[in-house]
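Notes for the one structure printed next.
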Amino acid sequence: MDGNFEIIAQVLFWGIYSGCIYILLATGLNLIFGVMKIVNFAHGEFLMLGTYITFFLFIMSGFNPYVLLCASIPLLVVIGIIVERLCFRPILGTGKLNEIFVSIGLIYIIQNLVARIWTDEWKTIQSPYRDITLDLGVIYVPLDYLIIMAVTAILLIGLYLFLHKTWIGTAIRATSQDRAGAMLMGINVERMDMITFGIGAALAGAAGTLWAVSGQVFNPYMGSIPAIKAFAIIILGGLGSIPGAIIGGLAVGLVENGAAYTLGGAWKDAVSFILLIIVLIIRPTGLFGEDEE
Amino acid sequence: MNLSFIREKKISLPLITIIIALVLPHILGSNLYFLTVLNLMLIFIIYASAWNFLTFSGQGSLGHAAFFGMGGYFSSLIAIKAGVPLIIAIIAGAGLTSVIGVLIGMTCVRLREWFLAMVTFGFAVIIQTIVVISQLNPITGGWDGYAVPKLIPLSIPGSQMIEYYCILIIAIGSILLFQFLLKSKTGLALAAIRENEMEAKASGINPVPFKLFAFGISSFITAIAGALEVAHFGYISPEIFGTDISFWPIIYSITGGLGTLAGPVVGTVVISLLWEGLNALGLTYERFIVIGVLLILTIIFLPKGLVSLPDAIKNLKKDGK
């Protein structure tokens with residue numbers, strides 16, 4: 001019985017850890033959806049760019065990879081703004097299928113630019129704390145995973161403070177609630193689109209840095225599956241709802257690791273889609289979704 | 001170039017295309033590389049047209065590789081295990097796939113665009129997982145796949161050429177089928193649902209059976225294309241469910257012209273020629289970038305695709321004068 005409990009605790013811990021990556025991705029997606037009402041299927045490419053920026057700077061400078069968050073976040077803000085300006089603004093309001101199709105083009109461009117620069121071999125970096133594990137009574141946990149959870153929490157608190165305590169954050173929330181109304185109040189909604197897209201991309205980039213630091217391997221094509229799962233999460237948790245993204249992210253992380261443990265690793269990717277499809281059969285607008293937009 | 005003689009008689013453009021398709025392999029001679037490119041092009045014309053047919057009902061699928069792959073697996077398994085001729089196995093496999101296609105469609109008909117895209121993408125991942133799980137390995141061969149009988153056995157002289165004409169007939173047949181369906185009442189109902197589902201409902205059209213019908217037909221033809229592809233290569237593996245295979249028909253249809261019959265044909269020909277050309281230049285990664293840029297540019301500047309290019313140029317000239 002004792003051994004069982006340890007395994008369950010281990011699976012739970014892994015679930016929370018992989019949930020952190022999903023939470024950061026899904027929060028970004030949800031923020032962008034709330035303001036612009038678009039869905040960027042290429043969101044996972046920002047995650048991948050985050051890992052490669054971390055990788056590149058780590059090789060070049062040898063800094064502690066956690067410090068490199070300070071580089072990957074601002075860089076991804078800039079990349080996000082460029083992508084929004086060039087690819088998404090021209091098609092805003094021209095039909096929802098177009099957003100999906102533009103994302104597909106973006107996926108091809110970003111993946112292969114990275115593959116062109118760094119080749120498409122699997123890469124990995126080593127965290128300075130990789131040998132340190134802590135004894136939490138029931139289970140031994142790597143220090144890196146605890147730091148990753150803490151960084152995720154700090155980023156989310158930072159985002160909350162930004163959205164609620166600053167003028168720009170308030171303007172973003174206003175745009176998300178009522179675009180026309182915000183425009184009438186003198187808010188430059190197109191600028192808000194750009195800032196929001198930048199922040200969303202930066203959260204994905206931060207997730208990428210954390211992905212790399214945790215010692216997981218990455219290649220230019222690694223972003224698609226996490227992004228699609230993040231998208232499943234925001235459907236589960238409700239489009240535009242950030243608390244929903246956090247709960248959904250944890251749920252998918254836990255279910256996935258539970259399934260990998262009970263059914264075998266091959267089911268890890270499929271199980272979150274099965275969950276999504278079951279939810280959508282019961283409620284076609286998502287768990288907490290509104291009936292019509 | 002003066003193309004006005006074509007525009008005067010609308011019918012002649014498809015006819016000219018078919019004549020070119022008929023004589024092309026003879027002009028190129030028996031060069032195996034060109035024949036392979038042409039065969040794959042035809043297979044993807046069938047596939048892209050089938051994907052495009054689903055968008056006529058307003059449903060954009062991101063996981064058509066599920067049907068493409070199922071067509072390949074079902075047809076080859078039926079041919080190998082039951083020992084029936086490949087052509088019957090292909091039709092049976094496509095029938096089986098379209099049953100599953102309708103079942104998948106049943107989960108999709110009530111969903112909005114992004115949700116539908118997600119769910120179809122998810123089904124491709126789920127079906128790939130089912131194929132590779134260890135319990136099914138004795139049948140599917142897991143990640144390694146298995147050898148598949150060729151459409152035309154290599155022992156027959158000129159097998160590639162015969163294969164080309166077989167696939168050409170199937171391609172023309174499926175495009176004619178789509179043409180017939182779109183001109184029929186069903187096609188009108190699909191257009192009404194695509195443009196405004198609420199209004200379609202108000203005028204007495206129940207969208208559900210029509211959307212399911214579109215799913216059934218689209219998955220049937222997609223499965224035939226998938227079966228033809230694996231029969232062409234003589235080999236199948238779970239990579240057939242990959243994201244790339246789902247995305248190609250989308251890229252072809254959009255660059256050619258979404259929602260037109262000629263679009264997928266034009267798009268497939270132009271993009272695959274571009275693809276092969278860039279490949280010949282050794283631009284492994286750059287060709288993806290070129291195609292991605294082309295896709296985004298088409299969506300932004302030429303939303304009706306390459307088939308609308310002559311009209312767009314004409315309008316531009318008119319505005320200039």
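Hydrogens, waters and symmetry mates play no part in the numbers below; they use all other heavy atoms, side chains included. What you are looking at is a predicted structure, and each value in this text was computed from that prediction instead of being measured.
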Nearest atoms (heavy-atom pairs only) where [X] meets [Y]:
X: I235(A); Y: M118(B); value: CD1-CG, 3.9 Å
X: I300(B); Y: P90(A); value: CG2-CB, 3.6 Å
X: R116(A); Y: Y285(B); value: CA-CD1, 3.7 Å

**Heavy-atom neighbours of E239(B) CD exceed 12 at 6.0 Å** =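 No, because the 6.0 Å sphere around CD of E239(B) holds 12 heavy atoms or fewer from other groups.
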
**Message:** So for atom NZ, which belongs to K123(A), do other residues, nucleotides or ligands contribute more than 12 heavy atoms lying within a distance under 6.0 Å?
**Reply:**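 Enclosed.
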
**Item:** Residue pair D244(B) / Y221(A), side-chain donor-acceptor N/O under 3.5 Å
**Value:**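 There is no such pair (donor and acceptor under 3.5 Å, judged by atom type) between the side chains of D244(B) and Y221(A).
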
Could you tell me which portion of [X] (side chain, backbone, both or neither) has an atom closer than 4.5 angstrom to a non-hydrogen atom of chain A?
X: I289(B); value: both
X: I251(B); value: side chain
X: L62(B); value: side chain
X: I250(B); value: side chain
X: L258(B); value: side chain

**Request:** Decide yes or no for F123(B) and I277(A): does some side-chain heavy atom of the first lie under 4.5 Å from some side-chain heavy atom of the second?
**Result:**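 The answer is yes, as the side chains (C-beta and beyond) meet within the 4.5 Å cut-off.
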
Mind ranking [options] by heavy-atom pairs under 4.5 Å with chain B and telling me who comes out on top?
options: C87(A), S103(A), G105(A); value: G105(A)
options: D120(A), L276(A), I110(A); value: D120(A)
options: I100(A), I274(A), V271(A), I225(A); value: I100(A)

**Structural part of F33(A) lying under 4.5 Å from a heavy atom of chain B** =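 Side chain of F33(A) only, per the 4.5 Å heavy-atom cut-off to chain B.
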
**Asked** Q111(A) versus chain B, heavy atoms under 4.5 Å apart: side chain, backbone, both or neither?
**Response**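 Neither part, no heavy atoms under 4.5 Å.
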
**Asked** side chain to side chain contact (heavy atoms under 4.5 Å, CB included) with I296(B): which of I91(A), I104(A), I109(A)?
**Response**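 Among I91(A), I104(A), I109(A), the one that satisfies the side chain to side chain contact (heavy atoms under 4.5 Å, CB included) with I296(B) is I109(A).
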
**Asked** Could you go step by step and tell me if L280(A) and F115(B) meet the side chain to side chain contact (heavy atoms under 4.5 Å, CB included) rule?
**Response** CA-CA 8 Å; L280(A) 284 180; F115(B) 292 16; 3.7 Å; yes

**Request:** Begin with the C-alpha distance, continue with both residues' side-chain angles, and end with the deciding distance and a verdict on side chain to side chain contact (heavy atoms under 4.5 Å, CB included) for I254(B) and N98(A).
**Result:** CA-CA 9 Å; I254(B) 292 171; N98(A) 277 352; over 6 Å; no

**Request:** Can you label the angle between the F273(A) ring and the F121(B) ring as parallel, tilted or perpendicular, going by 30° and 60°?
**Result:**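 Aromatic pair F273(A)/F121(B) classed tilted.
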
